[in-house]
Structure formats: C-alpha cells, structure tokens
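Reading through the structure tokens given below for one structure.
Here, residue 1 is the first one in the sequence, and each next residue gets the next number. Just so you know, these numbers use all the heavy atoms, side chains as well, and skip hydrogens, waters and symmetry mates. Quantities reported herein were computed from a predicted structural model and do not represent experimental measurements.
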Amino acid sequence: VQLQASGGGLVQTGGSLRLSCVASVRTFSSYAMGWFRQAPGKEREFVSAIDLSGVTKRYRDSVKGRFTISRDNAKNTFYLQMNSLKPEDTAVYYCAARNGRITSSYMGRAESYDYWGQGTQVTVSS
C-alpha cells in the first residue's frame with residue numbers, strides 16, 4: 001500500500017488549502033483514513049480521521065469548525081479541507097491508512113494505522 005499526499009504549500013493566516021491523499025489499494029473502501037501532523041520540535045499529533053463509510057469523522061479540538069475530512073472511494077482519495085488557517089497549523093501533514101474498521105475512540109491513535117504517506121508541508125504565515 002502506498003499513500004501519496006499532496007496539496008500543501010505556503011498560505012497567509014486565514015487562508016485555505018486542500019490536502020489530498022491517494023491510496024494505491026484495490027479496495028479503498030476497506031480502509032479507514034487519517035491525517036496527522038508534526039511541527040518542528042514537536043511530536044506527531046492527530047488531526048482528523050474518517051471511517052470506511054465516510055459517516056464517522058473525528059477531529060482534534062483545535063481544528064473543529066475549520067477543517068473538513070472527506071473521501072471519494074471511486075478515486076481512491078481522501079481529502080482534508082483546511083480553512084481559516086492559523087500559524088499554529090504549520091506542520092508536515094501525513095496521511096495514514098488502516099485496513100479495516102476503526103472505532104471513533106481509536107481514530108486518534110497513530111498506532112491504529114498500518115500505512116503512512118510521505119507527508120506534505122503546510123506553512124501558514126502570520
């Protein structure tokens with residue numbers, strides 16, 4: 001399984017970006033997907049996740065109301081729409097995939113995911 005993240009870049013405070021992650025799998029609908037991020041000098045942290053059906057979604061508190069996760073199973077792709085970006089959102093964003101179902105309580109744990117993408121840099125200038 002290979003995950004290819006894209007869509008990062010440099011944006012001003014209040015701007016928007018949409019991250020994409022394409023998965024090279026035969027049955028994308030069998031994978032739960034998540035986004036994590038890591039800022040310089042900090043540990044990797046959970047951002048958002050979505051279950052197999054796309055119904056259950058979870059967000060870290062600091063991005064609720066600003067970020068939206070979605071998936072398009074026909075395109076083997078899932079997305080993270082990021083609006084109202086803040087300097088504290090600056091980080092490398094990683095997409096991750098889990099083969100199989102995942103409950104909401106486990107979505108935020110990095111160890112719940114089997115595969116990871118290479119990351120895409122998001123920089124928000126003040």
Side-chain angles (χ1 to χ4, degrees):
V1 175
Q2 290 187 334
L3 302 176
Q4 182 69 43
S6 63
L10 173 63
V11 65
Q12 291 185 335
T13 296
S16 298
L17 286 172
R18 188 177 80 156
L19 305 184
S20 300
C21 181
V22 180
S24 60
V25 295
R26 181 171 296 180
T27 53
F28 181 69
S29 58
S30 298
Y31 289 79
M33 310 297 293
W35 288 101
F36 289 74
R37 67 187 182 188
Q38 187 167 18
K42 296 186 177 181
E43 294 187 352
R44 188 172 299 191
E45 63 183 19
F46 169 75
V47 178
S48 182
I50 188 167
D51 71 347
L52 305 184
S53 66
V55 172
T56 301
K57 303 174 184 179
R58 185 175 171 185
Y59 301 91
R60 71 178 297 106
D61 287 346
S62 64
V63 308
K64 287 180 179 177
R66 300 189 297 122
F67 290 11
T68 302
I69 193 170
S70 62
R71 64 188 297 156
D72 185 339
N73 288 346
K75 296 182 178 179
N76 279 25
T77 304
F78 80 117
Y79 307 94
L80 185 68
Q81 177 66 44
M82 306 187 296
N83 298 329
S84 302
L85 282 162
K86 304 176 181 180
E88 50 264 42
D89 295 317
T90 295
V92 176
Y93 283 69
Y94 299 89
C95 56
R98 172 189 171 87
N99 188 355
R101 299 181 183 277
I102 187 171
T103 60
S104 179
S105 60
Y106 284 87
M107 280 182 169
R109 302 181 184 186
E111 59 267 28
S112 297
Y113 298 86
D114 306 304
Y115 308 98
W116 292 81
Q118 86 289 358
T120 184
Q121 176 71 47
V122 171
T123 303
V124 185
S125 63
S126 57

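Remark: K57 does not engage D51 in a salt bridge, criterion side-chain N to carboxylate O under 4.0 Å.
To the nearest 0.5 angstrom, S48 atom OG is 10.0 Å from R58 atom CZ. Expressed to the nearest 0.5 Å, how far NZ of K86 lies from OG of S126 amounts to 14.0 Å. Taking CZ of R98 as the start and CG of D114 as the end, the distance is 6.5 Å to the nearest 0.5 Å.
Q38 approaches K42 most closely through the heavy-atom pair NE2-O, 3.1 Å. Closest heavy-atom contact between S16 and S84: OG-N, 4.3 Å. A91 approaches A39 most closely through the heavy-atom pair CB-N, 3.8 Å. Of all the heavy atoms in T120 and G7, the pair that sits closest is OG1-N, 4.1 Å.
Looking at heavy atoms from C-beta onward, T68 lies out of side-chain contact with Y79 at the 4.5 angstrom threshold. In this structure, R101 and T103 have side chains that are not in contact, with every pair of non-hydrogen atoms separated by 4.5 Å or more. Residues R44 and R37 are not in side-chain contact: their nearest non-hydrogen atoms beyond the backbone lie 4.5 Å or more apart.
By the 4.5 Å side-chain criterion applied to Ile, Leu, Val, Met, Phe, Trp and Tyr, F36 is assigned to a cluster that also includes F46, V92, Y94, I102, Y106, M107, Y113, W116. Through side-chain heavy atoms spaced under 4.5 Å, either directly or across other Ile, Leu, Val, Met, Phe, Trp or Tyr residues, W35 is tied to V1, L3, V11, L17, L19, V25, F28, Y31, M33, V47, I50, Y59, V63, F67, I69, F78, L80, M82, L85, Y93, Y115, V122, V124.
Between the side chains of T123 and Q121, at least one donor N or O sits under 3.5 Å from an acceptor N or O.
Looking at S29, its side chain never comes within 3.5 Å of a backbone N or O of N73 through a donor-acceptor pair. A donor-acceptor pair is defined here as one N or O able to donate and one able to accept, closer than 3.5 Å; no such pair exists between the side chain of N76 and the backbone of V22.
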